[in-house]
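Input: a single structure, listed below in structure tokens.
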Amino acid sequence: MGYPDGLLKNRSVIKHGVYAVVAPEGRVINSIPGFDGCALTIVASPKMGASFVQYVGTVQPDGGTTKPFASEEMIESFVYFMDGEGSLKVSVGDEEQTLTQGGYAFAPADKALSFQNIGDKPLRVLLYKQRYIPLEGQSARTVFGNANDIEEVFYDDMENVFIRDLLPIEMGFDMNMHILSFEPSGSHPFVETHVQEHGAYLLEGEGLYLLGEDWVQVQAEDFMWFGPFTQQAVYATGRGRLTYIYSKDCNRDVDI
């Protein structure tokens, strides 16, 4: 990496248990067992207050998992092919598919996930895992898909904000992944304050995000985590779209 260019700086903001913005300039590569030819950074974990673990990083040609990911009991997982040329071979239990850019796979809690870059160029992935909360009479299932094949719909009746649901809207699933896009000057319809938490990775654009009581400037390649009941809303401030992929816990009551 070499010597710094001027003063050391980092846009990241970490407020444990409330919210976090993890900018790319502060991220480091983590040494994680079970991967080879992968440069992954852990951007969210219970150590900051999140109930899940999220990773982002690069997979070199022939790189991938050397043992199934999220093979622990009652852990569900998700992989998203963010960008890069080539193909990512993904296995969930006995099912296998080859993903291109925008492709994703969800592994329910009774199945682990494996992947390998079978192309000749690096590609980038987002990885996610969390503990599954069972619901009597319901269950989740393996899902493969590609975000580019999903039609956008208006978000809360606003014609300049769009959403794509990547996983089924069914009670057996206790989480979903969405892609939310704002046209320039787009915003949330109101400041949200809810029990759900989110992990969001900005794929393009820039905006001004309300996190708790702070307005924070965010841009492409930033990761954000919002804790439960943290106030949140965004204004898209760039010349193009602001787009991010984010997780959401859903379809479950709260334990007391």
Side-chain angles (χ1 to χ4, degrees), residues 30 32-38 40-46 50-59 62-84 86-118 123-150 164-179 196-201 223 245-252:
N30 299 115
I32 306 172
F35 298 93
D36 183 59
C38 300
L40 298 175
T41 295
I42 299 172
V43 291
S45 88
S51 64
F52 56 86
V53 184
Q54 189 159 327
Y55 316 68
V56 63
T58 301
V59 184
D62 294 325
T65 53
T66 58
K67 66 177 185 179
F69 174 68
S71 58
E72 305 94 329
E73 185 176 1
M74 298 304 293
I75 301 298
E76 56 194 348
S77 58
F78 179 88
V79 61
Y80 178 68
F81 184 163
M82 284 204 300
D83 53 50
S87 302
L88 185 70
K89 183 173 67 175
V90 177
S91 300
V92 177
D94 296 330
E95 299 182 56
E96 181 178 289
Q97 289 195 23
T98 298
L99 308 183
T100 56
Q101 188 280 323
Y104 60 88
F106 168 80
D110 59 345
K111 298 179 182 178
L113 184 151
S114 300
F115 62 84
Q116 181 185 16
N117 179 355
I118 59 174
L123 55 85
R124 293 201 308 158
V125 299
L126 177 153
L127 276 173
Y128 179 98
K129 66 179 181 180
Q130 72 172 38
R131 183 167 298 280
Y132 181 64
I133 302 173
L135 182 64
E136 185 176 359
Q138 304 287 336
S139 62
R141 63 182 186 277
T142 299
V143 177
F144 286 95
N146 191 298
N148 299 316
D149 297 331
I150 300 174
R164 284 173 278 176
D165 298 322
L166 305 189
L167 298 181
I169 309 299
E170 300 174 5
M171 292 301 292
F173 290 79
D174 67 344
M175 62 164 286
N176 207 326
M177 285 282 182
H178 313 270
I179 294 180
Q196 292 85 9
E197 60 179 309
H198 298 315
Y201 198 85
F223 170 80
I245 180 172
Y246 72 102
S247 62
K248 179 181 180 179
D249 49 303
C250 57
N251 296 333
R252 296 295 185 270

Quick check: does any side chain N or O of Ser91 sit under 3.5 Å from a backbone N or O of Glu96, one acting as donor and the other as acceptor?
-> no
Side-chain donor or acceptor of Arg131 paired with backbone N/O of Glu76 under 3.5 Å = no
Answer whether the closest heavy-atom distance between the side chains of Gln54 and Phe78 falls below 4.5 Å.
-> no
Correct closest heavy-atom pair for Gln101 and Asn148 would be O-ND2, 3.0 Å
Are the side chains of Val56 and Phe223 in touch, meaning some heavy atoms are under 4.5 Å apart?
-> no
Passing option when Tyr80 is tested against Ile179, Leu99, Leu88 for side chain to side chain contact (heavy atoms under 4.5 Å, CB included) = Ile179
Could you tell me whether a side-chain N or O of Asn30 sits under 3.5 Å from a main-chain N or O of Ile32, the two making a donor and an acceptor?
-> no
Compare all side-chain heavy atoms of Thr66 with those of Pro33 and state whether any distance is below 4.5 angstrom.
-> no
All heavy atoms of Gly172 vs all of Tyr132, minimum pair found to be O-OH, 2.6 Å
Nearest atoms (heavy-atom pairs only) where Leu166 meets Ile150 = CD2-CD1, 3.6 Å
Hey, can you tell me if Phe69 and Tyr55 have their rings parallel, tilted or perpendicular (30° and 60° cut-offs)?
-> perpendicular
Working to the nearest 0.5 Å, report the span between CD of Gln130 and OG of Ser77.
-> 10.0 Å
Would you check if Asn251 and Leu135 make a side-chain contact, meaning some heavy-atom pair closer than 4.5 Å?
-> no
Between CD on residue Gln138 and CZ on residue Arg252, distance to nearest 0.5 Å = 8.0 Å
Do Asp249 side-chain atoms and Asp174 backbone N/O form a donor-acceptor pair below 3.5 Å?
-> no
Just by modelled atom types, is the Ile118 backbone N or O under 3.5 Å from a matching donor or acceptor in the Ser87 side chain?
-> no
Over 12 non-hydrogen atoms of neighbours within 6.0 angstrom of CG in Asp94 = no
Do Val53 and Pro46 come within less than 4.5 Å of each other through their side chains, counting heavy atoms only?
-> yes
Taking Phe81 as the fixed residue, which of Val59, Leu126, Leu123 is the one that meets the side chain to side chain contact (heavy atoms under 4.5 Å, CB included) rule?
-> Leu123
Would you call the rings of Tyr246 and His198 parallel, tilted or perpendicular, where under 30° means parallel and over 60° means perpendicular?
-> perpendicular
Is Tyr128 reaching over with its side chain to a backbone N or O of Ser247, donor-acceptor style, under 3.5 angstrom?
-> no
Side-chain contact test, heavy atoms from C-beta onward, threshold under 4.5 Å: evaluate it for Phe115 versus Leu127 and give yes or no.
-> yes
If you look at every heavy atom in Pro68 and Ser114, which pair is closest and at what distance?
-> CA-OG, 3.6 Å
Atom of Phe106, atom of Ala140 and distance for their closest heavy-atom approach = CE2-CB, 4.0 Å
Under 3.5 Å, is there a donor-acceptor pair between the side chain of Asn176 and the main chain of Leu167?
-> yes
Considering all heavy atoms, the nearest Ala105-Leu113 contact = O-CD1, 4.0 Å
For the pair Gln116 and Thr65, evaluate side chain to side chain contact (heavy atoms under 4.5 Å, CB included) and give the outcome as yes or no after the intermediate values.
-> CA-CA 7 Å; Gln116 181 185 16; Thr65 53; over 6 Å; no
Met177/Tyr104 under side chain to side chain contact (heavy atoms under 4.5 Å, CB included): CA gap, chis, key distance, verdict = CA-CA 10 Å; Met177 285 282 182; Tyr104 60 88; over 6 Å; no
Check for a donor-acceptor pair, side chain of Glu197 on one end and backbone N or O of Ser51 on the other, with a separation under 3.5 Å.
-> yes
Could you give the distance from CE (Met175) to CD (Gln196), rounded to the nearest 0.5 Å?
-> 13.0 Å
